[in-house]
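Single-structure report; data block below.
The figures here come from the full heavy-atom set of this structure, side chains too, leaving out hydrogens, waters and symmetry mates. Values in this document were obtained by computation on a predicted structure and should not be read as measured data.
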Amino acid sequence: MKALCLRSRLKQFPRNNNVFRRYISSLPIYTDTNLAHQLHTIFTKNPNTSPDDDPDLRALAPFLNPKLVETVLYSFQSWNRAHIFFTWASNQQGYSHTAYTFNAVASILSRARQIAPLRALSVQILRSRCPMTPGALGFFIRCFGGAGLVDEANVLFDQVQSEGLCFPNVYAYNCLLEAVSKSTSVDLVDAKLKEMSHRGFVLDKYTLTPVLQVYCNAGRFDKAFDVFNMISDRGFLDGYLFSILALGLTKWGQVDKAFELIEVMEARNVGVTEKTFIVLIHGFVKQARLDRALQLFDKMKDSGFVPDISLYDVLIGVFSTAKELDKALGLYAEMKEFKVQTDTGIITKLISSCRDEGELKRLYTEIRRDMNLEALTMLYNSLLTVLVNNGSINKAYGLLRMLMKKGCNNDLQGDEFCWENDPNADSFCVVIDGLVKAGKLDMAVGLFRDMPKKICCKPNLLIYNNLISGLCSSDRLEESFEILREMEESGLVPSPFTHNSIFGCLCKRMDVAGALDLVKKMRVHGHDPWIKHCTLMVKELCKHRKAVEACKFLDDVVEEGFVPDMIAYSAALDGLIRIKEVDLAMELFRDIVARGNYPDVVAYNTMMKGLCQVRRVAEAEELLNEMITKGLVPSVVTYNSLIDGWCKNGSVEAAMRCLSEMFDKGREPNVITYTTLVNGLCNAGRPEEALAVWNEMVAVKGLVPGNIAFMALVHGLCKCGRTNEAAVHLREMKSRGMKPDGYVYTALISAFLAELNHPSALEMVKEMADEGSFPGKLDKNHAIARDAVIQLLRDSRTWSSIRDLIAEGKIPSISMPDIESEGLDGCIT
DNA sequence: ATAGGGTTAG
């Protein structure tokens, strides 16, 4: 009894040494204050020496007794000291812990949430075989429950019984149930309830409350309502039990039922506590039931409670995501009425409730006085963001510039805002980013240069990255390097994005040496160069017929330890093929596997195209078989390339066969397939079949031919001498809004001239001239067009029209001397 | 607050 008394008195003391010392000196005789003090001092002051080596401790050990140990345990501020002392005491000869010393250390460890030592303690208490009263067991179990060690509590509860150390009473059971109450262990609860009734225990309120809690946690409302009714029948019902049930229902989405329960409480005059209101409103909001949340919120106020800031915060938060500024402001006004102190979180939510500039300004006028400088800057930055997102980048820029002018005051003309705050780095970030996105790089750089040299405006990584990336996209590489240098000097570490922005720019410029230098630097930073930039380098080099250099670049990148992917290699393959280095391409293609990549369908397509173009269709066919063997599925592109190859190789039959096979294989031919065939058939002098194929594409397959397809057909028909049909398709093409180019017109004109149909040829020249499609001097078709014009000038039916076109400048590229030299000066006035 | 690049038709 005395020990219990002592413990509870000790617990009231804050863990403060002076207070403790004063207390120690007032202790009654039965505790040796001097001893307790000495032990406390030794364990506090020598944290580094092992207690076992301490001669002073060895001297004190024989005087240990449970009461002393308990006193000393509670005297430590740190759980760790207490634990060390407890362990030391455990090992002293002649001393044994009692349930009370175990409980003392258990409560200390539990409060400090020291799970592992607590677990060890449950083993130790069993091993020590110390007997305990049901009350002591209950206390111990509650320590475990408080630390969340539900299973351990349960096991221990059973073991102390089977070992005969304790026979639990209702209180001990209740403690166990309380420990279990945070869990969803319905089975465990049921088992314990059964045990209790077997033993003839009367279930009281403290039994049934945790039981209800567990049923609610597990969503077992059938059982929960049974228990609830049982509690009600026994007359135990109170607001707390209602709130457990209501909150459980809420957590399981049954908001309406929870709300009904509150109404029942009101009807029965069971007071709903403030905490219940708060917890339920939060729960309703979490369940996205703003309607009920607001209803309950009103009830709460009707009951005379002043809602706390957390409720205003969460409700304003909902209105803020819905962008309902008015409703958010309504709550805010109410909050002020209740004199609830606002905070930054709420101000932030109000700011993000604003949809546009107007709303931000309104908000500013309404809550200006409640905002501190930090909040003002936030509002200001929101305004800048809104402006930037609405495309008013100039306005955002202007505002920021205005703010940068010190002594910003009420005279700011034309603006209702009065900013007395300073912009911060975020302000600049928003505007610089906006300027970069709007392509106003010079302004962005200028603003960056003018950033005030203050800590709050120190450019951050995002600013540097955005600026460097913007400059790089505009090929302003030198400035990017300069800014990168400044960035590093300022102590910021470039991110992979920073380096890759510059790397991409170097690749776009085809600066192979520069790119490789940077890759070396990046490797030091542990940054991978983005392969898409390597691919870009390859593409650009290939565009300039430098496919060999591209391959070398890829090799060098590999040398640095970064292996490009198949896409980069495919680009290189294509580049080699474009400069007719098919054998080199083949070599690379075979080498790719050795580099750890597997050629994919696109790579095969590229290779096959290359072979077909140099009439090595048989090899292309071999590749087709190879890819199928490797489990790759040929695409429409694959077949299209092959069809083209066969057509150009004189085997139109094979191409046609392929077309029907495509259907079988489920690779639906597309416009390109048909166009290729139309072209091939016309070249083979088979216009009827070409028209049939065309018809199948349009009428049967419902495909929509584009510019190139139409031009192939028109050109092909001209070639076959089907000029009139060609002209019909030209009409159709134009009626569908497509614009034929000089190539097609020239074909038609030549064809009409060949048929000696000068009037029709003239029509075509007119159309071509009217559309400004007359082939320029550098155009392959220029000579043909010019010859046609000359021929038409020689014909009395057509010459005057041609003369007019020349006079109007619609045939600009035919120079006078050209015509005069033909001796036709009489035709031109 | 950050990926997405390679292949086919006159």
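- Every residue was checked against the side-chain contact (heavy atoms from CB on, under 4.5 Å) condition with A/I708, not counting sequence neighbours, and none meets it.
- No engagement by A/N500 is indicated, since no non-hydrogen atom pair under 4.0 Å with the nucleic acid exists.
- The aromatic ring centres of A/Y639 and A/W646 sit 6.0 Å or more apart.
- Here the shortest heavy-atom pairing between A/A727 and A/L748 reads N-CD2, 3.9 Å.
- With sequence neighbours left out, the side-chain contact (heavy atoms from CB on, under 4.5 Å) criterion links A/V693 to A/M656, A/Y674, A/L677, A/V678, A/L681.
- In this structure, A/N597 and A/P564 approach most closely via the heavy-atom pair ND2-O, 3.0 Å.
- Taking OG of A/S750 as the reference point, atom CE of A/M764 lies at 12.0 Å (rounded to 0.5 Å).
- The aromatic rings of A/H782 and A/F774 stand perpendicular to each other, their planes meeting at an angle above 60°, with 30° marking the opposite boundary.
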Could you go over nucleotides 6-10 of chain B and give all protein N or O partners under 3.5 Å, atom names and distances?
unit_1 : atom_1 : unit_2 : atom_2 : d
B/dG6  : N1     : A/D600 : OD2    : 2.9
B/dG6  : N2     : A/S570 : OG     : 2.7
B/dG6  : N2     : A/D600 : OD1    : 2.5
B/dG6  : N2     : A/D600 : OD2    : 2.8
B/dG6  : N3     : A/S570 : OG     : 3.3
B/dT7  : OP1    : A/K539 : NZ     : 3.3
B/dT7  : O2     : A/N605 : ND2    : 2.4
B/dT8  : OP1    : A/K609 : NZ     : 2.9
B/dT8  : O2     : A/N640 : ND2    : 2.3
B/dA9  : N3     : A/T675 : OG1    : 3.4
B/dG10 : OP1    : A/N679 : ND2    : 3.3
B/dG10 : O3'    : A/N679 : OD1    : 2.9
B/dG10 : O3'    : A/Y743 : OH     : 3.4
B/dG10 : N1     : A/D741 : OD2    : 3.0
B/dG10 : N2     : A/D741 : OD1    : 2.7
B/dG10 : N2     : A/D741 : OD2    : 3.0

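- Near-neighbour residues of DNA chain B inside residues 504-525 of chain A, defined by a heavy atom below 4.0 Å, are absent.
- Remark: A/E559 does not engage A/K552 in a salt bridge, criterion side-chain N to carboxylate O under 4.0 Å.
- The aromatic rings of A/H729 and A/F710 are tilted relative to each other, their planes meeting at an angle between 30° and 60°.
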Kindly give the atom pairs (protein nitrogen or oxygen, nucleotide nitrogen or oxygen) under 3.5 Å for nucleotides 1-3 of chain B.
unit_1 : atom_1 : unit_2 : atom_2 : d
B/dT2  : O4     : A/N465 : ND2    : 3.3

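- Ring centroid separation for the pair A/F589 and A/Y569 does not come in under the 6.0 Å cut-off.
- The side-chain heavy atoms of A/K739 and A/V744, taken from C-beta on, include no pair separated by under 4.5 Å.
- Within a heavy-atom distance below 4.0 Å of DNA chain B, no residue of residues 721-740 of chain A is found.
- Screening A/N640, A/D600, A/T638 for a side chain to side chain donor-acceptor pair (under 3.5 Å) with A/N605, the sole residue that qualifies is A/T638.
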